[in-house]
Each structure stands twice: as structure tokens, then as C-alpha cells.
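Everything on this sheet refers to the single structure shown next.
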Amino acid sequence: QVQLQESGPGLVEPSETLSLSCTVSGGSISGYYWTWIRQPPGKGLEWIGHIYDTGTTKYNPSLKSRVTISLDTSKNQFSLKLSSVTTADTAVYYCTRHTVGQGSHYWGQGTLVTVSS
Amino acid sequence: QSALTQPASVSGSPGQSITISCTGTSSDVGGYNSVSWYQQHPGKAPKLMIYEVSNRPSGVSNRFSGSKSGNTASLTISGLQAEDEADYYCSSYTGISTWVFGGGTKLTVL
């Protein structure tokens with residue numbers, strides 16, 4: 001069974017860089033889009049971006065200047081970096097496995113990241 | 001990219017059917033058959049219920065169905081059950097090779 005698990009600091013100071021990792025178990029990295037999605041408290045889902053197994057990335061235009069998603073196939077992990085964070089970046093961050101053209105069949109449990117001094 | 005438009009809330013009684021709409025543009029919903037629907041219970045991660053407009057992943061009840069007409073996609077839940085009470089989100093592939101979500105719809109089972 002495919003499982004994803006987010007990890008990283010739960011508290012980040014304003015203007016700093018948010019860094020999260022997602023460890024994938026029970027399945028191959030190949031052939032999928034590895035995706036980050038976030039959800040501010042009490043609000044809806046926002047697609048952040050994805051990376052394909054070739055390393056090709058695509059980002060939400062509204063976040064593109066601050067986002068980097070990378071993939072470490074040797075560790076079965078992919079990562080998110082979001083720079084210059086503000087309180088508006090406070091959210092539950094989910095990592096997912098997205099099947100091409102379909103959707104995210106597998107999700108991590110989500111991790112709350114709070115931006116505060 | 002702008003969020004897809006969903007009604008903020010819908011409600012129905014057990015056994016009834018409800019439909020949730022998801023309106024986009026010709027650059028997302030209307031232009032591709034890559035529309036998916038997610039169910040989210042409080043405090044839980046979303047669950048994929050429909051993909052490619054009308055396909056159900058293994059294990060999803062056939063009470064859930066999807067369709068699309070023009071720039072609007074729809075999720076229909078028939079035979080409403082108490083466990084269907086949740087938030088529902090649509091998502092679509094876009095012309096700039098990204099994905100966009102709807103604002104979400106809260107379903108209340110009366």
C-alpha cells in the first residue's frame with residue numbers, strides 16, 4: 001500500500017524559508033507527478049505545484065517566484081521550499097501522488113505549518 | 001489562474017440526490033477531460049472520488065457520479081447517507097499545465 005508522510009518544522013518565522021519533505025513508501029517514484037497542496041485553516045485547497053519523475057516541475061503562477069520542488073529518488077523523497085513566507089502561508093501542507101491526467105489518489109496526512117514570530 | 005466556482009453549500013435529506021456544480025472556463029474545465037472531485041471530512045486529508053470527469057477509483061461507491069457540459073462539471077450523489085456529509089472540491093487541469101481547485105462546497109445531510 002502506498003503511503004506518504006510529510007515532515008518538517010511546524011513553526012516558521014516571517015521572511016524565512018519553509019522546508020518540508022515527503023517520504024514515499026510502498027510504491028515506485030516512477031510514472032507519477034509528486035504534488036504539494038495546501039489548505040489554510042478553515043479555507044479551501046490550493047495547488048502549489050508538482051514534479052514528475054524526470055525532474056520536470058510546474059508551479060502555481062501565484063507562488064512560482066517563491067517555490068521550489070525537488071525529488072530525491074535514492075531516498076524516495078520529494079521536497080518543498082517556499083521562501084519569504086508571511087502569515088498568509090500558514091496552512092496544512094499535503095503531499096500527494098498524482099496519476100497523470102487523473103488526480104491525487106494518495107495523500108499524506110498533512111502537516112500544519114504556522115508562520116509566526 | 002482563478003479558482004473554479006462552486007456553491008458554498010448544498011443540503012439534502014437521507015435517500016435524496018444532490019448535485020454540486022463546478023464552473024470554470026474553456027482554459028480549464030471546458031478544455032480538458034481532466035476534472036476530478038475530492039471529498040474531505042473534518043480534520044482528514046481529501047479523498048479522490050471522481051477522476052477524468054466521470055471515473056470512480058476502486059472502492060468508491062457507485063452512488064457518486066460525475067459529468068461535464070461545456071465549462072461546468074457536476075458531481076451527483078444519489079441515495080444520500082449521513083456519512084456523505086463533508087466538504088467537496090473539484091479540480092481541473094489547465095491550459096498552462098497546472099491544476100486548479102474550486103473553492104469547495106459544504107454538503108449537509110439533513
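As the structure is a prediction and not an experimental result, all values here were calculated from the model. Reminder, nothing fancy here: chain letters follow the sequence lines and each chain counts from 1.
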Need one label for A:Y33: side chain, backbone, both or neither, based on atoms under 4.5 Å from any heavy atom in chain B. neither
For the hydrophobic clusters of this structure (ILVMFWY residues joined by side-chain heavy atoms under 4.5 Å, transitively), does one cluster hold both A:Y94 and A:L82? no
Chain B shares the most heavy-atom pairs under 4.5 Å, among A:I37, A:V92, A:T35, A:T96, with A:I37
Flag yes if A:W47 and A:L45 sit in one hydrophobic cluster, no otherwise; membership is Ile, Leu, Val, Met, Phe, Trp, Tyr, and two members link when side-chain heavy atoms are under 4.5 Å apart. yes
Connected via hydrophobic side-chain network under 4.5 Å: A:L80 and A:L11: no
Establish whether A:W107 and A:I48 are linked, either directly or via other cluster members, by ILVMFWY side-chain heavy-atom contacts under 4.5 Å. no
Contact listing (chain A partner; residues 42-50 of chain B; heavy atom under 4.5 Å): B:K44, B:A45, B:P46, B:L48
Measuring only between side-chain heavy atoms, which start at C-beta, is B:P57 closer than 4.5 Å to A:H105? yes
Residue, of A:S104, A:G103, A:G44, that accumulates the most heavy atom pairs under 4.5 Å with chain B: A:S104
I'd like to know if A:V115 and A:L20 are part of one continuous hydrophobic network [Ile/Leu/Val/Met/Phe/Trp/Tyr, side-chain heavy atoms within less than 4.5 Å]. yes
Engaged part of B:Y38 at the chain A interface, taking heavy atoms whose separation is under 4.5 Å: side chain
Looking only at heavy atoms and a cut-off of under 4.5 Å, which of A:E46, A:H50, A:H98, A:K43 has the most pairs with chain B? A:H98
Could you name the residues of residues 91-110 of chain B that have a heavy atom within less than 4.5 Å of a heavy atom in chain A? B:I96, B:S97, B:T98, B:W99, B:F101, B:G103
